[in-house]
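These notes concern the structure reproduced below.
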There are 2 protein chains.
Amino acid sequence: MKPTIKDIAAQAGVSIATVSRVLSNKRGTYSEKTKEKILKVAKELGYHKNTTAVDLVKKKADEIAVIINATPTNFSNMILSGIQQRATELGQRVIILYAGDRNTDMQHQAITTVMARSVSGILLLAVEPDATDLELLKETRTPFCFVSLYFGDDQILSISSDNKALAYQATEYLINNGHTKIGLAGIDDYHTGSQRVLGYQTAMRDHGLVAKNDWVKRGDYSYEAGRQLLQAFLPLEVTAIIAASDMVAVGLLNAAQQSQIAVPDKLSIIGIDGTFICEVTTPPITSVTQNFYEIGVRSVDKVMGKATETFVPTRIVVRGSVKLNR
Amino acid sequence: MKPTIKDIAAQAGVSIATVSRVLSNKRGTYSEKTKEKILKVAKELGYHKNTTAVDLVKKKADEIAVIINATPTNFSNMILSGIQQRATELGQRVIILYAGDRNTDMQHQAITTVMARSVSGILLLAVEPDATDLELLKETRTPFCFVSLYFGDDQILSISSDNKALAYQATEYLINNGHTKIGLAGIDDYHTGSQRVLGYQTAMRDHGLVAKNDWVKRGDYSYEAGRQLLQAFLPLEVTAIIAASDMVAVGLLNAAQQSQIAVPDKLSIIGIDGTFICEVTTPPITSVTQNFYEIGVRSVDKVMGKATETFVPTRIVVRGSVKLNR
DNA sequence: ATGAAAGCGCTAACAG
DNA sequence: CTGTTAGCGCTTTCAT
């Protein structure tokens with residue numbers, strides 16, 4: 001049997017109330033002497049506070065729940081580091097629930113699980129919620145915040161890069177380097193994808209270029225998607241492609257090399273994300289790099305009710321996969 | 001205020017006990033009619049069971065806690081999938097606690113947090129515990145199991161690949177392909193590392209070869225380690241290197257290519273892990289592939305008290321980074 | 001500075 | 001089949 005405050009109280013010859021006060025650090029409500037005694041007994045007994053009981057009586061857990069979607073891209077670690085860091089600073093524990101790979105059932109289940117626990121906030125990492133999920137989430141009084149996903153709905157908390165701006169930035173970078181026929185590969189049909197298409201199209205228009213419809217190809221952000229899409233781009237004769245993720249970029253790169261298309265001489269590729277994988281390919285991949293750590297930090301602020309910008313700036317990191325114009 | 005069973009009871013004109021019975025599916029203890037009514041009211045009120053309260057009264061949470069270490073290598077997703085899958089089958093929820101990157105404090109904190117909750121099992125993923133951690137863990141009555149780490153202590157539950165056998169397998173594969181001067185790069189000084197050294201040395205000896213001491217180089221399983229270690233191997237004139245992880249393998253590969261050393265013609269490299277990264281390099285990396293999903297599945301079995309083999313078999317996946325002997 | 005007692009939301013005997 | 005009651009381990013008034 002695990003020891004409880006009752007055991008400590010008995011051992012120390014005080015009431016459970018006193019034990020509770022000492023263990024919860026309610027300073028000024030107990031004498032130094034009883035404190036010493038209680039702490040000593042607690043250690044002897046190998047006591048650990050039962051969080052479940054505390055949470056029940058306090059009707060709130062100092063805990064942030066992160067529901068995470070295992071997408072093919074893997075920037076999650078960086079976001080998690082940021083979350084963990086900031087949460088600890090704010091005295092919150094962090095628990096992570098894994099929602100599989102875009103698996104609706106598991107997503108549901110994760111949300112339900114979290115709602116049944118009185119967490120102080122819910123962070124949804126790369127989760128595209130369906131109508132039911134959103135319903136559930138709203139129904140709860142717990143604040144929730146989408147991370148790395150922007151709804152375009154200011155009623156719903158979220159933190160992410162500005163996908164429109166990001167795509168604009170990538171497109172403009174390519175245009176500035178002399179490209180006019182630019183593809184966009186591997187984006188999805190949801191919020192993130194459409195925002196990026198918009199940014200891409202706007203940049204093209206702003207520079208007096210036309211973005212052909214079939215220059216935009218859907219995919220699932222994966223390496224395989226990248227590989228396959230290269231073939232689709234071949235007859236289109238674009239000179240540069242914006243990849244929806246680093247993984248897509250690597251897929252394009254490898255497929256290109258296999259087809260004897262020199263990167264960046266014949267084809268330029270720019271990735272989106274800027275994870276380590278950009279650095280280990282040959283040539284290394286130029287990317288629009290997202291500040292994932294900061295996204296994590298701010299998501300905690302946001303869900304804890306602190307004011308923060310919704311968008312975290314991105315930047316171009318020049319490596320070797322885009323042909324430079326000089 | 002969130003609705004409770006009390007609210008439902010009031011609304012439905014029954015006692016809270018009946019509500020509890022229906023909501024906990026204690027079949028045969030209630031009539032179909034009251035069930036309908038209660039379920040209806042519950043839905044209307046937007047009721048969700050309070051797990052905290054349930055866990056408290058049951059003195060156990062149907063929940064497995066995974067403490068995960070963010071190592072540079074990233075096979076964790078696959079292990080997590082396996083864990084999630086099996087846990088769900090066994091009616092257990094899964095929560096994940098992130099322990100940072102070999103960060104002692106966070107590791108401690110994670111373990112303490114978990115102990116304060118009455119989880120049914122603790123899984124430690126790629127966590128090298130220090131003495132204090134182990135002390136804490138043992139003190140609790142909760143079963144715990146190390147995943148992807150073998151202690152060589154049969155008192156302590158663990159699931160992993162057999163690191164000795166794995167290294168033996170890699171070494172033998174290289175020997176069978178004509179190599180006699182073989183390096184081992186990037187292993188750590190803990191359990192995993194020393195087991196691999198042992199397997200490597202044994203294989204060499206079994207084939208009548210001597211393994212020179214400086215053919216074994218320590219590292220931290222990272223890409224950077226791989227890059228740096230290649231330089232150290234250059235004067236040693238080994239013809240093949242076993243990399244402690246896929247990331248180390250990529251580091252070696254890139255550094256070699258930069259130094260104009262053809263892989264696999266001048267230098268063969270074999271990786272350990274077999275994650276996706278092996279498939280995206282040029283040449284793709286031959287690896288000893290671990291069955292991470294299965295490791296995840298079995299770790300749940302183990303921690304839930306089911307009998308399972310401690311070691312999960314590995315296999316060689318031939319790609320393009322080892323020169324074949326024919 | 002400390003104790004007694006109520007109660008967080010739920011389950012599980014025990015009666016009926 | 002259903003209601004009553006006693007807790008689970010802890011915090012928090014309210015007294016003293």
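Order of the sequence lines sets the chain letters (A, B, ...), proteins ahead of strands, with each chain counted from 1.
Between A:Lys49 and D:dC10 there is no side-chain polar atom (N or O) within less than 4.0 angstrom of OP1 or OP2. Contact annotation: A:Thr18 reaches the phosphate of C:dG3 (side-chain N/O to OP1 or OP2, under 4.0 Å). For A:Lys33 and C:dA1, the shortest distance from a side-chain N or O to OP1 or OP2 is not below 4.0 Å. For the OP1/OP2 pair of C:dT2 and a distance below 4.0 Å, the side-chain nitrogens and oxygens of A:Ser31 include at least one atom meeting the criterion. Remark: A:Ser15 is in phosphate contact with C:dG3, judged by side-chain N or O atoms under 4.0 Å from OP1 or OP2. Put simply, B:Tyr30 has no side-chain N or O that comes within less than 4.0 Å of OP1 or OP2 on D:dG3.
A salt bridge does not link B:Lys40 with B:Glu36: none of the charged nitrogens is closer than 4.0 Å to a carboxylate oxygen.
Mapping A:Thr34 and A:Ile16 onto DNA chain C by nearest heavy atom places A:Thr34 at the nucleotide closer to the 5' end.
A 6.0 Å sphere centred on NZ of B:Lys35 holds no more than 12 heavy atoms belonging to other residues, nucleotides or ligands.
Here the shortest heavy-atom pairing between B:Ala126 and B:Asn69 reads O-CB, 3.3 Å.
Defining each end axis of the helix from C:dA1-D:dT16 to C:dG16-D:dC1 as the rotation carrying four pairs' C1' atoms onto the next four, with five pairs an end, the two axes are found to diverge by 40° to 10 degrees.
You'll find that the side chain of A:Asn50 is closest to D:dC10, out of C:dG3, D:dG7, D:dC10. The side chain of A:Arg21 lies closest to D:dT13, out of D:dT13, D:dG9, C:dA12.
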